[in-house]
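The next block holds one structure in the form of structure tokens; read it before the comments.
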Amino acid sequence: MDFGLLFDCTPSPYLVVDPDLVIVEVNPAYLAATGTARADLLGKHIFTAFPDNPDLLAADGVRNLRRSLDTVLRTGRADTMPIQRYDLAIGPGGAFVERHWSPVNTPLIGPDGAIRYVLHRVEDVTELVAARPDARLERLEVDLFVRSRELKAANDRLAEAGAALRREHQAKDRFFAAVAHELRNPLGALRAAAELLGDEVGEHAALGVLDRQVTALNRMTEDLLDAGRVISGGLRVDRLPVDLREVVADGVAGIGRPVRVDVPATGVRVLGDRVRLGQVLGNLLSNAVKYSPPGSAIAVTLTGAAAEAELVVVDEGIGFDSAHSEELFESFTRVADTRAGGLGVGLFVVRAVVGLHGGTVTAHSDGPGTGARFTLRLPLFG
């Protein structure tokens with residue numbers, strides 16, 4: 001079939017633009033409808049060839065057509081425009097004449113999936129609008145019906161995509177929860193076996209390695225279980241009066257690395273779950289160790305004033321782009337060095353636990369290589 005002949009002979013007016021909105025082809029029906037010559041259009045930007053009527057203060061033809069073409073290029077889907085007034089410069093003097101159009105813009109997609117061109121089809125409805133005063137309203141009703149059907153179709157596609165994403169997330173959550181539960185028994189057996197070996201062979205470097213790795217696996221397993229509880233709404237805290245100084249002392253003692261500690265001489269009491277708050281500090285300190293070079297400083301500062309306790313963990317590690325600070329607290333997310341170990345759920349659990357205590361936790365860094373600061377705030381008790 002001769003598609004060039006088909007394009008030239010079709011009675012519908014067609015104009016073709018490239019992704020830069022430069023006119024690359026036009027058929028005779030379009031030239032007749034617009035009173036233009038092919039040589040005057042090819043190679044021109046569409047809005048250079050067809051500007052707004054400068055004498056029409058409310059002219060919005062260029063703006064509306066640009067919005068439609070941008071939508072087609074962005075989404076890869078056809079866009080049907082409502083009836084549009086778009087005046088044309090006709091004749092040797094270039095005087096603008098009132099015109100009304102019904103445009104449809106359709107992407108032409110190549111074998112590689114990229115949009116090669118946009119097909120711009122128009123129908124001149126000027127006579128219809130002029131001959132019948134109520135025709136504009138009638139046409140608007142038709143356009144509204146068409147738009148509503150397009151909107152419903154788009155909403156249906158969005159709903160299907162959302163349902164598919166929810167199913168994927170639920171399957172992922174069930175998988176990680178199942179893996180975490182299944183890991184607990186073999187990890188417990190490994191821990192018991194390591195203790196028995198320690199009794200039989202005494203001190204041995206391999207036993208130290210085994211103990212550290214089992215501890216790390218236990219922490220990741222517990223984080224996975226807690227992440228699942230957060231997602232399902234099953235995470236619980238038992239809130240009792242707790243002195244945060246004791247939480248800091250326990251957390252620093254269990255990190256296995258020197259930490260500079262600054263706590264007040266008097267108690268800093270909150271209403272909280274001591275085990276969960278210890279988990280929060282443990283995760284923050286574990287992050288500081290993971291993302292800091294050996295021997296670099298890690299500091300923990302605790303203060304209590306203005307009805308609020310503030311716990312700050314600072315390191316001199318790799319830091320992060322401050323624009324991504326909130327992403328740190330999303331599940332299975334790491335915005336720092338992705339080569340580091342871990343599952344990316346520790347900070348997700350931290351924010352959930354702190355939220356259950358009525359507090360907040362934030363992250364700050366001046367940029368990569370400048371270290372990180374995590375600030376935890378909880379309401380004081382008593």
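The figures here come from the full heavy-atom set of this structure, side chains too, leaving out hydrogens, waters and symmetry mates. This one's a predicted model, so the numbers in the text were calculated from it and none came from an experiment.
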| request: Before giving the answer on side-chain contact (heavy atoms from CB on, under 4.5 Å), spell out for Thr362 and Leu376 the whole-Å C-alpha distance, their side-chain angles and the decisive distance to 0.1 Å. | output: CA-CA 7 Å; Thr362 57; Leu376 164 64; over 6 Å; no

Q | Residues Val361, Thr375; criterion side-chain contact (heavy atoms from CB on, under 4.5 Å); working and verdict | A | CA-CA 6 Å; Val361 59; Thr375 303; over 6 Å; no

Before you tell me yes or no, could you show the steps for Lys44 and Leu41 under side-chain contact (heavy atoms from CB on, under 4.5 Å), namely the whole-Å CA-CA distance, both residues' side-chain angles and the distance that decides it to 0.1 Å?
CA-CA 6 Å; Lys44 283 190 177 180; Leu41 297 182; 5.7 Å; no

task = Verify salt bridge (charged side-chain N to carboxylate O under 4.0 Å, His left out) between Glu330 and Arg351, making sure each step is shown before the conclusion.
result = CA-CA 9 Å; Glu330 296 176 3; Arg351 174 159 283 184; over 6 Å; no

> Are Asp250 and Arg274 close enough, and set up right, to give a salt bridge (charged side-chain N to carboxylate O under 4.0 Å, His left out), and what steps lead you there?
Replying inline: CA-CA 10 Å; Asp250 292 343; Arg274 180 165 178 166; 2.8 Å; yes

**Asked** Hey, mind stepping through Asp79 and Thr71 against side chain to side chain donor-acceptor pair (under 3.5 Å) and telling me if it holds?
**Response** CA-CA 7 Å; Asp79 185 67; Thr71 298; 5.3 Å; no

Open item on the list: Quick one, Leu284 with Leu347, criterion side-chain contact (heavy atoms from CB on, under 4.5 Å). Give me CA distance, side-chain angles, the key distance, then yes/no.
Closed with: CA-CA 8 Å; Leu284 294 179; Leu347 293 178; 3.7 Å; yes

Donor-acceptor pairs under 3.5 Å, side chain of residues 24-36 to any protein atom, not counting sequence neighbours: which ones?
residue: Glu25; atom: OE1; partner: Arg38; partner atom: NH2; Å: 3.0
residue: Glu25; atom: OE2; partner: Arg38; partner atom: NE; Å: 3.1
residue: Glu25; atom: OE2; partner: Arg38; partner atom: NH2; Å: 2.8
residue: Asn27; atom: OD1; partner: Tyr14; partner atom: N; Å: 2.9
residue: Asn27; atom: OD1; partner: Tyr30; partner atom: N; Å: 3.0
residue: Asn27; atom: ND2; partner: Phe7; partner atom: O; Å: 3.3
residue: Asn27; atom: ND2; partner: Ser12; partner atom: O; Å: 2.9
residue: Thr34; atom: OG1; partner: Tyr30; partner atom: O; Å: 2.8
residue: Thr34; atom: OG1; partner: Thr36; partner atom: OG1; Å: 2.7

Identify each donor-acceptor pair in which a side-chain atom of residues 256-267 lies under 3.5 Å from a protein atom, sequence neighbours left out, and give them as a table.
residue: Arg257; atom: NH2; partner: Pro293; partner atom: O; Å: 2.9
residue: Arg257; atom: NH2; partner: Ser296; partner atom: O; Å: 3.0
residue: Arg257; atom: NH2; partner: Ser296; partner atom: OG; Å: 2.9

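The distance from the CZ atom of Arg77 to the CG atom of Leu73 is 14.0 Å, given to the nearest 0.5 Å. Here the CG-CD1 distance, from Leu15 to Ile46, works out to 5.0 Å after rounding to the nearest 0.5 Å. In this structure, NZ in Lys290 is found 12.0 Å from CG in Asp315, a value given to the nearest 0.5 Å. Here CG of Leu21 is found 10.0 Å from OG1 of Thr48. Values are rounded to the nearest 0.5 Å. Taking CG from Leu69 and CG from Asn105, the interatomic distance works out to 4.5 Å, rounded to the nearest 0.5 Å.
Within the 4.5 Å cutoff, no side-chain heavy atoms of Asp124 are placed close to those of His100. A 4.5 Å side-chain heavy-atom check between Val280 and Val354 finds at least one atom pair inside the cut-off. Side chains of Val312 and Arg373 form a contact here, defined as non-hydrogen atoms less than 4.5 Å apart. Under the 4.5 Å side-chain criterion, counting only non-hydrogen atoms from C-beta, Val300 is in contact with Leu311. Looking at heavy atoms from C-beta onward, Asp87 lies out of side-chain contact with Phe50 at the 4.5 angstrom threshold. Proximity of Arg63 to Ser68: side-chain heavy atoms (C-beta onward) are nowhere separated by under 4.5 Å. Leu271 has its side chain within reach of Pro241: a pair of non-hydrogen atoms, C-beta onward, lies under 4.5 Å apart. Contact annotation: the side chain of Leu285 approaches that of Ile298 to within less than 4.5 Å [non-hydrogen atoms, C-beta and beyond].
Without hydrogens or angle criteria, Trp101 side chain to Tyr86 main chain gives a donor-acceptor distance under 3.5 Å. Between the Asp321 side chain and the His324 main chain, no donor and acceptor come within less than 3.5 Å of each other. In this structure, Asp52 contributes its side chain and Pro54 its backbone to no donor-acceptor pair below 3.5 Å. Looking at Ser292, its side chain never comes within 3.5 Å of a backbone N or O of Val289 through a donor-acceptor pair. Under a 3.5 Å cut-off, the side chain of Asp20 and the backbone N or O of Val22 do not form any donor-acceptor pair. Side chain of Thr10 to main chain of Leu6: no donor-acceptor pair is present (N/O by atom type, distance under 3.5 Å, no hydrogens or angles). Of the possible polar contacts, none joining the Arg269 side chain to the Leu244 backbone as a donor-acceptor pair under 3.5 Å is found.
Heavy-atom minimum distance, Val122 versus Pro103: CG1-CB, 4.0 Å. When every heavy atom of Ala89 is checked against every heavy atom of Phe96, the shortest pair comes out as N-CD2, 3.8 Å. For Val237 against His357, the heavy-atom pair with the smallest separation is CG1-CE1, 3.7 Å. Leu378 and Gly359 get closest at one heavy-atom pair: CD2-CA, 3.9 Å. Across all non-hydrogen atoms, the minimal contact from Thr106 to Ala78 is OG1-CB, 4.0 Å. Annotation for Val247 and Leu281: closest pair O-CD2, 3.6 Å, computed over non-hydrogen atoms.
A salt bridge is absent between Arg99 and Glu127: the closest approach of a Lys/Arg side-chain nitrogen to an acidic carboxylate oxygen does not fall below 4.0 angstrom.
Here the rule is side-chain contact (heavy atoms from CB on, under 4.5 Å) with His120, and of Val16, Leu65, Val17 only Leu65 fits it.
In the hydrophobic cluster analysis, where Ile, Leu, Val, Met, Phe, Trp and Tyr join through side-chain heavy atoms closer than 4.5 angstrom, Val97 is grouped apart from Leu56.
The aromatic rings of Phe320 and Phe374 sit tilted, their planes meeting at an angle between 30° and 60°.
Using modelled atom types and a 3.5 Å distance limit, the side chains of Asp60 and Gln84 yield a donor-acceptor pair. Ser322 and Ser365 form no side-chain donor-acceptor contact under 3.5 Å, judged by distance and modelled atom types alone.
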